[in-house]
Amino acid sequence: MTTTAILSALAEEQQGLIEQLKNPAPVTRAGRDFWCGELQGRSVVLALSKIGKVAAATTATTLIEAFDVSRIVFTGVAGGVGAGVHVGDVVVATEFVQHDMDASPLFPRYQIPLYGRSLLACDATLTAMLLEASRAGLAGASGHFDKNNARASMGIHSGLIASGDRFISGADEARALQHALQAAGFAPLAVEMEGAAVAQVCFDYGVPFAAVRTISDRADDQAHVDFPLFVTEVASRYALAIIQNLMPLL
Ligand code: ADE
């Protein structure tokens, strides 16, 4: 049987999925609750990544080792750092980099030591499905979340996401991070704190991985204010709509 793991970053994002779960069977492992069951007739395990790269790696490893999942789909929020990536937009990841990885001068900055690479690619087929589900799930949603930048429609982007163990909440810091990454040839659309870790675990095990992030803030001085309100009011609804549209495509 093919079981899909649906990984959420925050409890608010997971709640709607738990409410839809048929034959829910919660299991506790590694101090985490895993919800086994069915969504639209498909076998799934719902889990919280927890926050930060190590916590997310533990959750992903447990999903693979203890629940034998065949693929992992991640939904969460992120700070927008790419030009034209606004609050209320959605970014479907094509690949991940760790913006806080720096083993220089032993290895080039951003390269994962002993992997010979900085970038971890998402699974192309699963990512195409997630992009289609995002378009379908969010059709008609408006992008009127950024008061300074009200727009008639929301943007759906796909590209590189940068992960690191830091909530980026300063315009200068966001700019510096972006410039340093660009100097190394990387242009992330968004920053968050888990995706690259899950991507690395999935790379190690050969498990297909895809991720979608709703932009909750611009990683600037307002980020900590925008973030909590956005998670409860918008991101949780988006995550549910996207996953509901993904299920028939799997
Ligand atoms: N997740 C959502 N917003 C973020 C930010 N500004 N930095 C890191 N992770 C985030």
Side-chain angles (χ1 to χ4, degrees), residues 6-15 47-57 59-60 73-93 95-102 110 120 122 130 134 138 143 145-149 154-182 186-200 210-240 242:
I6 313 227
L7 203 44
S8 312
L10 299 160
E12 293 88 336
E13 296 171 296
Q14 192 194 37
Q15 192 50 42
L48 283 182
S49 64
K50 297 207 170 186
I51 297 174
K53 290 186 296 172
V54 175
T59 308
V73 177
F74 196 118
T75 71
V77 292
V81 293
V85 179
H86 301 274
V87 172
D89 286 359
V90 159
V91 176
V92 176
E95 50 196 356
F96 281 92
V97 63
Q98 293 179 49
H99 65 70
D100 55 356
M101 176 59 77
D102 188 357
Y110 304 116
L120 291 163
C122 297
L130 193 56
S134 302
L138 305 178
F145 304 110
D146 182 346
K147 293 161 268 342
N148 307 319
N149 219 334
M154 63 178 297
I156 299 184
H157 312 265
S158 67
L160 175 66
I161 293 182
S163 309
D165 284 322
R166 224 179 135 68
F167 185 83
I168 311 293
S169 56
D172 290 346
E173 184 184 356
R175 245 190 315 273
L177 185 145
Q178 184 80 323
H179 284 157
L181 281 163
Q182 263 161 9
F186 307 120
L189 299 177
V191 289
E192 39 83 304
M193 301 178 67
E194 298 84 20
V198 179
Q200 189 169 336
V212 59
R213 293 276 184 169
T214 306
I215 301 303
S216 56
D217 56 79
R218 281 287 302 172
D220 57 13
D221 311 76
Q222 271 295 109
H224 65 291
V225 183
D226 296 340
F227 178 85
L229 188 69
F230 191 87
V231 169
T232 44
E233 295 205 350
V234 182
S236 44
R237 284 193 285 115
Y238 278 18
L240 184 59
I242 292 169

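One-based numbering, in listed order, for ligands and for the atoms of each.
- For ligand 1 and Asp217, the ligand atoms under 4.0 Å from any heavy atom of the residue are 2 (C), 3 (N), 4 (C), 5 (C), 6 (N).
- At least one donor-acceptor pair closer than 3.5 Å links the side chain of Arg218 to the backbone N or O of Gly80.
- The protein atom (non-hydrogen) at minimum distance from atom 9 (N) of ligand 1 is Glu192 CA, 3.4 Å.
- Ranking protein heavy atoms by distance to atom 7 (N) of ligand 1, first place goes to Ile168 N, 2.9 Å.
- Rounded to the nearest 0.5 angstrom, Thr214 OG1 and Tyr238 OH are separated by 7.0 Å.
- Contacts between Ala78 and ligand 1, counted as non-hydrogen atom pairs separated by less than 4.0 Å, involve the backbone only.
- From the protein, the heavy atom lying nearest to atom 8 (C) of ligand 1 is Arg166 O, 3.5 Å.
- Checking side-chain atoms of Glu95 against main-chain N and O of Ile161 turns up no donor-acceptor pair under 3.5 Å.
- Looking at ligand 1, you won't find any N or O of Ala219 less than 3.5 Å from one of its N or O atoms.
- A side chain to side chain contact (heavy atoms under 4.5 Å, CB included) with Leu10 is found for exactly one of Leu48, Thr75, Ile51, namely Ile51.
- Under the salt bridge (charged side-chain N to carboxylate O under 4.0 Å, His left out) criterion, Lys53 pairs with Asp100, sequence neighbours left out.
- Close N/O approach between Phe167 and ligand 1 is not found [any backbone or side-chain N/O within under 3.5 Å].
- The main-chain N or O of Ala196 is found under 3.5 Å from a side-chain atom of Ser163 such that the two form a donor-acceptor pair.
- Ligand 1 places these atoms under 4.0 Å from at least one heavy atom of Ser216: 2 (C), 3 (N).
- At under 3.5 Å, not a single nitrogen or oxygen of Ser169, backbone or side chain, sits near a nitrogen or oxygen of ligand 1.
- Short contacts between ligand 1 and Met193, defined as distances under 4.0 Å to a heavy atom of the residue, involve ligand atoms 8 (C), 9 (N).
- Between the side chain of Asp102 and the backbone N or O of Tyr110 there is no donor-acceptor pair closer than 3.5 Å.
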